[in-house]
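Please read the structure below before turning to the comments.
These numbers were taken from a predicted model, which means no experiment stands behind them. Counting convention: from 1, in listed order, for ligands and their atoms alike.
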Amino acid sequence: MTASVMMSELSWDEYQRRIKEEDAILLLPVGAVEQHGYHLPLGTDWMVATYMARRAAENVGGIVAAPIAYGYRSQIRTGGGPYRGGTTNLDGMTLINLVKDVLKELVRHGARKLAVIDGHFENRFYLDEACFLAVRELEYAGITDAKILKMLYAERIKPETIKAVYAKAPFPGLELEHGGILETAMMLYCHPEHVDMSKIPDEELPKFPPYDLFPGNNDWVSPSGCLSSGKVATVEIGKLLVEEFVSVVSASLKKEFR
Ligand SMILES: [Zn+2]
């Protein structure tokens, strides 16, 4: 058996040994199952989050816990909403409890250094709450030495990277980067076999009002479900972004845990 950093590929005793003897950092990727236009797969968010977690785990001697594929509901103005096949939403309370339970289990296995790697913008406050409640419940149970780092891997992008990525198309803002250049380029680099660039349509991109409606209005979103166009994405742009994110995640883990 080759040395894997993926919990799902480890035997229980090897997993246990790495936590006990190596004090391994446990990384939990959380994504979404959500439409990403005609050209990207439904699993884009959890697949990229898992890729980031795996690369960072290789850099810091960590273990990637089995990922949480599903995430908080797709919002019209940031993810195109739930009106296309496959988008599978969790209620906020479900996501909070799911993540909290998994984190507490990882601590029960002996892990004290934990990281939640978010690949879906809409998850962020629910993951904050899950981490907060997990730590509080652990403290009530007398476990005070567990620490959780939580980050959206794309939290910060260097200005010079933004300039390079958007050399051929204007930066639409991170909230409109759904199925756009960023995600298309990252998938071209991480999982090229799941991208079909020929399926990106020419379509008018949405102009959202400064409010939300419940129920949401699907007419606000373009037919493909993308909020900006990934047409000019390339594997080189993907490499630039992914390698920057991998090094930011790795450096953050080293800073807090090593
Ligand atoms: Zn996405």
Side-chain angles (χ1 to χ4, degrees), residues 28-55 67-90 92 95 99 116-127 150-157 162 165-166 169 171-197 199-201 203 205-206 208 216 218 220-233 235 237-238 240-242 244-246 248-249:
L28 177 64
V30 187
V33 178
E34 184 184 32
Q35 66 81 17
H36 277 75
Y38 304 128
H39 69 297
L40 291 176
L42 290 158
T44 294
D45 286 3
W46 72 260
M47 291 163 95
V48 177
T50 304
Y51 179 95
M52 293 296 165
R54 180 175 63 74
R55 291 282 311 279
I68 294 180
Y70 299 97
Y72 182 65
R73 71 189 69 262
S74 181
Q75 304 288 294
I76 291 268
R77 290 194 294 145
T78 49
Y83 304 110
R84 282 159 190 79
T87 299
T88 309
N89 294 323
L90 295 182
L95 180 62
V99 172
V116 175
I117 307 300
D118 185 11
H120 176 62
F121 194 62
E122 287 89 343
N123 285 340
R124 62 202 186 284
F125 298 122
Y126 302 92
L127 298 183
K150 187 221 92 175
M151 68 190 297
L152 189 70
Y153 64 75
E155 185 80 50
R156 206 177 285 165
I157 308 175
I162 292 271
V165 171
Y166 297 99
F171 180 46
L174 258 195
E175 68 284 358
L176 290 187
E177 259 298 351
H178 180 78
I181 297 176
L182 279 188
E183 287 186 311
T184 304
M186 288 192 296
M187 283 297 280
L188 280 173
Y189 183 60
C190 301
H191 297 288
E193 69 281 16
H194 297 308
V195 185
D196 186 345
M197 295 297 283
K199 290 193 175 158
I200 302 178
E203 59 184 0
L205 296 175
F208 294 120
N218 187 34
W220 291 1
V221 184
S222 54
S224 75
C226 293
L227 302 187
S228 55
S229 176
K231 268 208 159 149
V232 300
V235 66
I237 292 175
L240 184 70
L241 286 164
V242 169
E244 177 172 327
F245 295 148
V246 166
V248 169
V249 173

Shortest non-hydrogen separation from R156 to E244 and the atoms involved: O-OE2, 4.0 Å
Y166 and F171 aromatic ring geometry - parallel, tilted or perpendicular at 30°/60° bounds: tilted
Aromatic plane relationship, Y126 with Y72 - under 30° parallel, 30 to 60° tilted, over 60° perpendicular: parallel
Residue pair W46, V33: steps toward the side-chain contact (heavy atoms from CB on, under 4.5 Å) verdict: CA-CA 7 Å; W46 72 260; V33 178; 4.2 Å; yes
Shortest non-hydrogen separation from S228 to L176 and the atoms involved: OG-O, 2.8 Å
Atom of A185, atom of L241 and distance for their closest heavy-atom approach: CB-CD1, 4.5 Å
Protein-derived N, O or S atoms lying under 2.8 Å from the Zn ion (ligand 1), waters excluded: 3
